[in-house]
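What follows is one structure encoded as C-alpha cells, with my remarks underneath.
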Protein chains: 2
Amino acid sequence: MKPGAEALHNKLSLFIDFEDNDNEALDSLIDGPHQQIPRGTDIVTEGEPHRRGHVILDGWAASYKTLPDGRRQILSFLMPGDIVGLFAPVSAVCTASVATLNDLEVATFMPEEVVTVTSRSPRLGVALGWAAAREHEILAEHLVNVGRRSAAERVAHLFLEFWARLRVRGLTNGKRFTIPVTQTIIADTLGLSVVHVNRTLRQLSNQGILESNRDKAVIVDLGRLQALAGFSEDFLLNHYAPHTLRRRVEALDQMLGGAGRSLDGDGRDKTSQPQA
Amino acid sequence: MKPGAEALHNKLSLFIDFEDNDNEALDSLIDGPHQQIPRGTDIVTEGEPHRRGHVILDGWAASYKTLPDGRRQILSFLMPGDIVGLFAPVSAVCTASVATLNDLEVATFMPEEVVTVTSRSPRLGVALGWAAAREHEILAEHLVNVGRRSAAERVAHLFLEFWARLRVRGLTNGKRFTIPVTQTIIADTLGLSVVHVNRTLRQLSNQGILESNRDKAVIVDLGRLQALAGFSEDFLLNHYAPHTLRRRVEALDQMLGGAGRSLDGDGRDKTSQPQA
DNA sequence: CGTCGAGTTGATGTCTATCAAAGTGAGTGG
DNA sequence: CCACTCACTTTGATAGACATCAACTCGACG
C-alpha cells in the first residue's frame, strides 16, 4: 500500500475488515494525479462549482465559511485520510471553502469515481458513508461546544478531538502530536477572539494540563483535560470502539445483500466500553 | 396522497420530479403505523439504541444534546416532512435526543425499509440523500450563527430559516407562520440565555421588524430582517432554486445509470449523514 | 383561586471582545 | 553576520455583550 494511504486505511478499518477488492477499490481513489499544494491555499471555494475531489495524504486543511464583513467560522478540520468533496455532487455549488493549513499532499479524483468505487466495493461504500456520518457527528459536537461551553471547555474539547482523530490514524506519539494550527485558527473554530484563546491556552499551560504551539501539542494531564472538557464517553466510543462498529457493518451488509432481512436486535450492542 | 405526506412531497419535489413509482415508494414510508405523540416527549434518546424511524406528518420536534450539568444545545428543528432516523443504522446508538415541541403526528417505519424504498426508487433514494445533505448544510449554518454572529443576528437568521423551511413545504401564510417554539428553546438553539433572547425579540418587535410569540411569528419588515441576518443568497438558493437542483439530479441520474446497478450508488452514500 | 408555563423587566456581575503594543523566532537579504 | 520582516504569540487596559439573579405579569387550566 502506498504510504500516504495508510491514514485513510486505518480510519476506514474502524468500519470494515479490509479484503483484497476493498483495497483495490480504495486504491483507485488515490491512484489519480497527486498534487502538492502550498500552505494557505484554498482548494475549494465557497460559491463556486465543484471540481475534483481530494484525498488528503499529508498535511491539514480546514473547511470554513466567511461572513460578508470578514468574520470567519471554521467548520471542520481535515487531516490525512480525510476526503474532500466525497459527495460533492449533492449540491450545485460549494457551500464552504477549504483552505490548506500547511503544505498539503493530496490525491485527486473525479466525482464520478466515487460511484465506481462503491460499485466495485459496496462495503467500502458503506464505510465511506459511515465516515461521512462521523463528520456530521463532529460538526454537531462543535455546535454544542461553541453554543454551550466556556472558553476553557471549548479549547480542552478541541484538543481532545485532535488527539482522538489523529490517534485513530496512527498519527500520534503518545500524548504528543503535531498540529499545524495557529491560535487565530483555533479562535475561528471556537467562536472566540485570538486574544482570549491565547489567555486560555496560557492558563492551561500554567496549570500543567496542556502545552501547545503552532506546531505541536502535548497533553500533560489527560485526566484533568478530559474533566475540563466533559469529554463524553459517547464521543470516545465513536472513535475507539471498532468492534461495535464492525458489528453494525455486518448488519448493514446483510441489509444491502439480502435487502430486507430483519434488523431486530441490531443496535443492542452498545455494551463495549471505550478502551482509551 | 395522504394529507400529512404533502409536506414531505413538497420538500422532495425540490429535488426530483415525481413519477408514479416514486410516489408509491414514498408511500411505503408513510404507510406504516401512525402515532400521536404528546408534546414534550422524547421520541429518541441520546445514548440508547435506535428504534423505529419517524416521518413527521404534523407538529415540530427538535434534536438536541445535553451536557452533564444540564446545559442544552439544540441542533436542529424537525418539521412536517422531515424524517427522523433515516440513516439511523450508521451508528450504534443515538448520538442526540429528539423531543416533540408540540403534539406530533408521525408515521413510523423500520430502518430496513429505507433500503427497500431506495431500491424501488433509486431516484427517491437520491432525493432523500439530498435532503440529508441539506440538513448538514443547515447544521453548518447554525454553527456559523452561534460562533460568529451577535444575538440579534442569530435571532434574525433563525426566524428566516424557519420561514424558508416552512415556505418550501407550503406551510406559511405570507409572512406569517406558526412556530411552537418558546424563548427557552430559541435560547438553547442560539447559545444564549432566555433573558437575552427575550430582550432581543422585544427589540426586534419595537423596531417593527418581527413579531413573535410561542405560537406564531410575523415578519413585519423582511428587508431589514434579512439585512440584519446577513441572510446569504447561497442559503436562499439552496431553498428556492429547484431548477438548479434538478439539473444536478439529472446529472447524477446519469452517473447512477451509467455506472451500473441500482443499489451500489444508492442514495444513502450520497448523504453527509442524517440529522439526529 | 392557586398553580404553572411562558414572557417581561430591572439590577448586577462577568466573561469575552477590542484596542494597543510589545516580545519571539524563523527566514530573508544585504 | 546582522538588520529586517513577517507570522505568530503574549500581555495590559478598557469596554461591551451577554449571563445571572430576582421579581412581576399574564393567560390557561383544573
Side-chain angles (χ1 to χ4, degrees), chain A residues 38-41 60 62 67 69-73 99-103 145-156 158 178-207 210-217 228, chain B residues 38-41 60 62 67 69-73 99-103 145-156 158-159 178-207 210-218 228:
Chain A
R39 174 181 170 207
T41 313
W60 283 38
L67 300 182
D69 67 354
R71 280 174 292 179
R72 182 173 68 160
Q73 176 67 47
T100 57
L101 297 182
N102 51 10
D103 292 346
N145 220 14
V146 170
R148 283 305 184 204
R149 283 197 253 249
S150 72
E153 293 172 313
R154 294 184 210 183
V155 169
L158 182 63
T178 301
I179 47 164
V181 169
T182 68
Q183 295 183 354
T184 302
I185 288 175
I186 295 176
D188 283 339
T189 305
L190 300 179
L192 297 169
S193 69
V194 203
V195 174
H196 201 244
V197 166
N198 180 285
R199 289 196 222 282
T200 307
L201 242 23
R202 194 102 296 289
Q203 199 178 319
L204 290 181
S205 159
N206 291 339
Q207 295 176 145
L210 175 77
E211 294 287 340
S212 71
N213 60 30
R214 198 208 173 287
D215 303 313
K216 61 182 193 300
L228 221 182
Chain B
R39 174 182 169 206
T41 313
W60 283 37
L67 301 182
D69 67 353
R71 280 174 292 179
R72 182 173 67 159
Q73 176 66 47
T100 58
L101 297 182
N102 51 11
D103 292 346
N145 220 14
V146 170
R148 282 306 185 204
R149 282 197 253 251
S150 72
E153 293 172 311
R154 294 183 211 183
V155 168
L158 181 63
F159 275 83
T178 300
I179 47 165
V181 169
T182 67
Q183 295 183 352
T184 301
I185 288 174
I186 295 176
D188 283 339
T189 305
L190 300 180
L192 298 169
S193 70
V194 204
V195 174
H196 202 244
V197 166
N198 180 289
R199 289 195 224 282
T200 307
L201 242 23
R202 194 102 296 289
Q203 200 178 318
L204 289 180
S205 159
N206 290 340
Q207 294 177 149
L210 174 77
E211 294 288 339
S212 71
N213 61 29
R214 198 208 173 287
D215 303 312
K216 61 181 193 298
V218 185
L228 221 183

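Below, read A as the first sequence line, B as the second, and so on, with proteins coming before strands; counting in each chain starts at 1.
- If you check dA6(C), dC18(D), dT18(C) against the side chain of V195(A), the one that comes closest is dT18(C).
- The base of dG10(C) lies close enough to the side chain of R199(B) for a donor and an acceptor atom to sit less than 3.5 Å apart.
- Distance, N102(B) CG to dA6(C) C1': 16 Å, rounded to whole Å.
- In this structure, L204(B) atom CG and dT8(C) atom C1' are separated by 15 Å, rounded to whole Å.
- Put simply, NE2 on H196(A) is 15 Å from P on dC18(D), counting in whole angstrom units.
- Rounded to an integer number of Å, the gap from E211(B) CD to dG7(C) P is 14 Å.
- Look at CZ on R148(B): it is 16 Å from P on dA17(D), rounded to the nearest Å.
- The side chain of R214(B) sits closest to dA6(C) out of dA19(D), dT8(C), dA6(C).
- Taking the side chain of Q183(B) as heavy atoms from C-beta on, and the options dA11(C), dT8(C), dC8(D), the nearest nucleotide is dT8(C).
- Between the CG atom of L201(A) and the C1' atom of dC8(D) there is a distance of 13 Å, rounded to whole Å.
- Side-chain atoms of N213(A) come within 3.5 Å of backbone atoms of K216(A) as a donor-acceptor pair (strictly under, hydrogens ignored).
- For dG7(C), the OP1/OP2 oxygens have no side-chain nitrogen or oxygen of N198(B) closer than 4.0 Å.
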Self-check item: Worked check of side chain to side chain contact (heavy atoms under 4.5 Å, CB included) between V218(B) and F159(B)
Solution: CA-CA 10 Å; V218(B) 185; F159(B) 275 83; over 6 Å; no
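- Contacts of S193(B) with the nucleic acid, taken as non-hydrogen atoms under 4.0 Å apart, include base atoms.
- A straight line from CZ of R39(A) to C1' of dG27(C) spans 13 Å, rounded to a whole angstrom.
- Comparing dT16(C), dT10(D), dC18(D) against the side chain of R202(A) picks out dT10(D) as the nearest.
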Self-check item: Verdict with supporting geometry, R39(B) and L101(B), side chain to side chain contact (heavy atoms under 4.5 Å, CB included)
Solution: CA-CA 5 Å; R39(B) 174 182 169 206; L101(B) 297 182; 6.0 Å; no
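- Using a cutoff of 4.0 Å between basic side-chain nitrogens and carboxylate oxygens, D188(A) and R72(A) are scored as salt-bridged.
- A donor-acceptor pair shorter than 3.5 Å cannot be found between the side chains of T200(B) and Q203(B).
- Counting any heavy atom pair closer than 4.0 Å across all strands shown, G191(A) reaches sugar-phosphate atoms only and no base atom.
- For the pair I186(A) CD1 and dT10(D) C1', the interatomic distance rounds to 14 Å; values are reported in whole Å.
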